[in-house]
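First the proteins, then the strands, lettered A, B, ... as listed; each starts at 1. Nothing here was measured: the structure is a model prediction, and the numbers come from that model.
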Amino acid sequence: MKLYEYEGKELFRRGGIPIPRGRVASTAEEAYSIAAEIGKEVVVKSQILQGGRGKAGGIKFASSPEEAKARAGELLGQKLKTEEIKKVLIEEKLDIAEEWYLSFTVDPAAGGPLLMVSRSGGVDVEEIALKSPERIVTEKINIFYGLMPFQARRAAFALGLEGNKVSELASLMLKLYRVFRQYDAELVEVNPLVVTSEGEFIAADAKVIIYDNALYRQKEFVKGPERFEDEREYRASQYGLSYVKLDGNIGVLCTGAGLTMTTLDLITYYGGRPANFLEFGGATYKNSYYALEIVLSDPDVKVVLINTFGLVARADVISEGLAQAIEELKPKVPIVASIRGTGEEEARKILESRVGLKLFPNVETAVQEAVRLAGAS
Amino acid sequence: MAILLTKDTKVLVQGITGNEGTFWTKHMLDAGTRIVAGVTPGKGGKQVHGVPVYNTVLEAVKKHGAEASVVFVPPAFAKDAVFEALDAGIKLVVLLADGVPLHDAMEIRALSRQLGATVLGPNTPGMASIGQAMLGFIPVWLTDVYRVGPVGVVARSGSLTNEVCSHIVAAGLGQSTFVGLGGDPVPGTRLTEVMRLFESDPATEALVIIGEVGGTMEEEAAEMIEKGEFTKPVVCFITGRSAPPGKKMGHAGAIITMGKGTVKGKEEALKKAGAMIATRPAEVGKLLKEALRC
């Protein structure tokens, strides 16, 4: 779950990481009073989840509370990169000397936390990694020891810091690592980490992603509908299903992420276009009723393709849910299915005799039929 | 022979008294698995399908010499269960739970490496040495999918493995051992670590790698082949070419970021290293026959 900048900064504040003075506002009036409190030039920052806000015109400067109110009034309620701006963050404008980069993430190859820090911040880390990888300093972290002070110092020295600046940056790194661990984050990123003309480090931005599967123990974060790009994605998440809206017309329901991706690949291979990714494997196989309901609720869907090759997901249980959904929802679009795996004989009985679904012997034939039907309608 | 698991391996089931644990214990026993004990805290003294249940892993290890454990506990308790098994000296742990927190997965990997143990998962369908034993959710009783043969199989995804394995059997071949690495971003065991075991297994003559968009495991495999550290023929099928970048497609591991981890990149690396690439599951059988010249 990706946090808004102001939520990420709240975690930084709790962790003792220096952030600019300011607060979040939902109305132009609030923006006025926050700017008046700050009492100097401010930045009005649109709170959306996607990156690239600055380039899209979502960040404005204001030299007075009146101006802050006007800028906030213009931004609030507008759409920025498909998201509605519901909040703006009003913060003091920093006296920026340099823009650095600092993050903790998971090193996939090592399977442990990784520190990345660079003096070339303010742009995407991907860009730094591509153009000047030598400018990124990294430290691999043993999760049982955590980030050690010597590692933080070593990184600071590698950046060319001297004197008390070494311990200042090291201390900030140690604090940020604690935020990473405490909140089950998959990423905490400060970009830019501003060095002011007085030489202070300030976290000017905050990108924090909490690992979804840890939300059960990170109870203060609730992944509401505003965090999803599509209403169906949110609804699916409520049933523990993973659904991703795509731009084609073949609705897809599969068990297992790998088989689902392969089914999408096969649809593309045979010249069709998938309308979605939807996986109801693992412990959620009992939710096949909702899975079908969600796929059918997409008006783009001209045909539904069901493909299972269940392991833990038992074909008989899946089919029971599907049959019930078909009986109740009376779908107007054709359904093509290949049902295999544990309990497949029972599944065949339920789907063929009870709801008259024609089952295909394997995924290749089912996909070809779905592509044919999608093209014909 | 096989890797990691044989018919003689003494197996423990953690969470044996739960619904899934009980259901799959029956299937594992039917598949020949030598299950010597089960563990559910507070249910010690019971029996499940004739298997004695204990309160702690240590008790089960002391009484029955359990060497491997398959863990059927929910994600929130997974780390504790795996640590308990590792602490009791178990050297192979299969962690099935889907939904384990990332930080727990990092700790599980760190501890297993520290103790020289093998943890498969989280979010794995398990593993099976065909004709001998099975740990997890693998439907080895489907004879058109699993049959004893010379092909090692390693995958990040379970139901896709069934699909691919059905084409191996359709080609008249069969499997030695299947290992599911699991679909999470930090698996307890990585692809190359399993390849090392297959390399020295006399029962395995060729390897099928079922990969997936995201991460770097397939690229590491390519490097290993290129260095000559894996010398048996390799057939790969990598899924997820229609996955949009930056989107998680079910498997938390299957996310394309920083321009790395694309299907194309993985296929190119593996091809360059000398592996054969199947673009659809149905091609795997044919390529294997070419590779084994049969």
Side-chain angles (χ1 to χ4, degrees), chain A residues 106 108-113 125-126 129-130 142-144 180-181 184-186 211-218 240 242 244 246 254-262 264-269 273-274 277-279 281-284 307-314 340-342 344 362-364, chain B residues 20 24 75-76 96 98-107 109-111 114 123 125 136-139 142 155-163 166 183 185-187 190 210 212-213 215-217 220 237 239-244 247-254 257-259 279-282:
Chain A
V106 177
V125 65
E126 286 89 340
L130 223 58
N142 178 318
I143 192 142
F144 290 135
F180 174 77
R181 286 288 282 152
D184 274 302
E186 56 180 273
Y211 193 66
D212 281 355
N213 288 332
L215 288 174
Y216 75 87
R217 66 183 182 197
Q218 295 293 343
S242 46
V244 178
L246 302 170
C254 289
T255 51
L259 187 62
T260 312
M261 283 190 274
T262 301
L264 301 186
D265 291 350
L266 285 172
I267 291 173
T268 312
Y269 177 85
R273 287 178 310 122
F277 170 101
L278 190 148
E279 183 228 335
T284 64
N307 183 29
T308 75
F309 212 139
L311 300 145
V312 58
R314 285 155 55 186
R340 305 198 57 196
T342 316
E344 74 178 60
N362 56 54
V363 58
E364 297 250 344
Chain B
E20 298 288 335
W24 289 97
L96 304 163
D98 176 6
V100 174
L102 185 62
H103 288 239
D104 290 4
M106 288 194 280
E107 291 184 22
R109 165 128 176 114
L111 186 63
Q114 202 172 300
N123 193 12
F137 307 136
I138 326 289
L142 298 177
R156 281 159 73 177
S157 168
S159 31
L160 179 56
T161 300
N162 288 345
E163 176 69 29
S166 74
V186 177
R190 301 183 71 75
I210 305 172
E212 182 170 291
V213 66
T216 54
M217 288 208 288
E220 290 159 27
F237 173 70
T239 190
R241 64 188 67 237
S242 32
K247 284 270 193 181
K248 282 180 190 175
M249 307 297 269
H251 274 172
T257 46
M258 296 183 70
T279 51
R280 288 179 296 142

Please give me the minimum heavy-atom distance between [X] and [Y], naming the atom from each residue.
X      : Y      : value
B:P75  : A:Y216 : O-OH, 4.5 Å
A:N213 : B:P101 : O-CG, 3.7 Å
A:D265 : B:S242 : OD1-OG, 2.5 Å
A:M261 : B:V213 : SD-CG1, 3.8 Å

- With A:N307, which residues qualify under side chain to side chain contact (heavy atoms under 4.5 Å, CB included), at least two apart? A:C254, A:L259, A:T263, A:S338, A:V363

- Note on the structure: Residues at least two apart in sequence or cross-chain that pass side chain to side chain contact (heavy atoms under 4.5 Å, CB included) with A:P108, listed by chain then number, are none

With a 4.5 Å heavy-atom cut-off, do [X] and [Y] have their side chains touching?
X      : Y      : result
B:H103 : A:Y211 : no
A:E186 : B:V186 : no
A:T262 : B:F237 : yes

With a 4.5 angstrom heavy-atom cut-off, which part of [X] approaches chain A: side chain, backbone, both or neither?
X      : value
B:E163 : both
B:P187 : neither
B:L111 : both
B:L102 : both
B:R241 : both
B:A76  : both

- Message: Quick check on the interface: out of B:L96, B:T161, B:T279, B:D104, who has the most heavy-atom pairs with chain A under 4.5 Å?
- Response: B:D104

Which region of [X], side chain (C-beta onward) or backbone (N, CA, C, O), has a non-hydrogen atom less than 4.5 Å from a non-hydrogen atom of chain B, or is it both or neither?
X      : result
A:P113 : both
A:R217 : side chain
A:T268 : side chain

- Message: Treating B:N162 as the side-chain partner and A:F309 as the backbone partner, does any N or O pair qualify as donor plus acceptor under 3.5 Å?
- Response: yes

- Apply side chain to side chain contact (heavy atoms under 4.5 Å, CB included) to A:Y269 and B:R280, showing your working. CA-CA 9 Å; A:Y269 177 85; B:R280 288 179 296 142; 3.4 Å; yes

- CD of A:E279 to OG of B:S157: how many Å apart, nearest 0.5 Å? 8.0 Å

- Note on the structure: Max heavy-atom pairs within cutoff under 4.5 Å with chain B, candidates A:L266, A:D184, A:V106, goes to A:D184

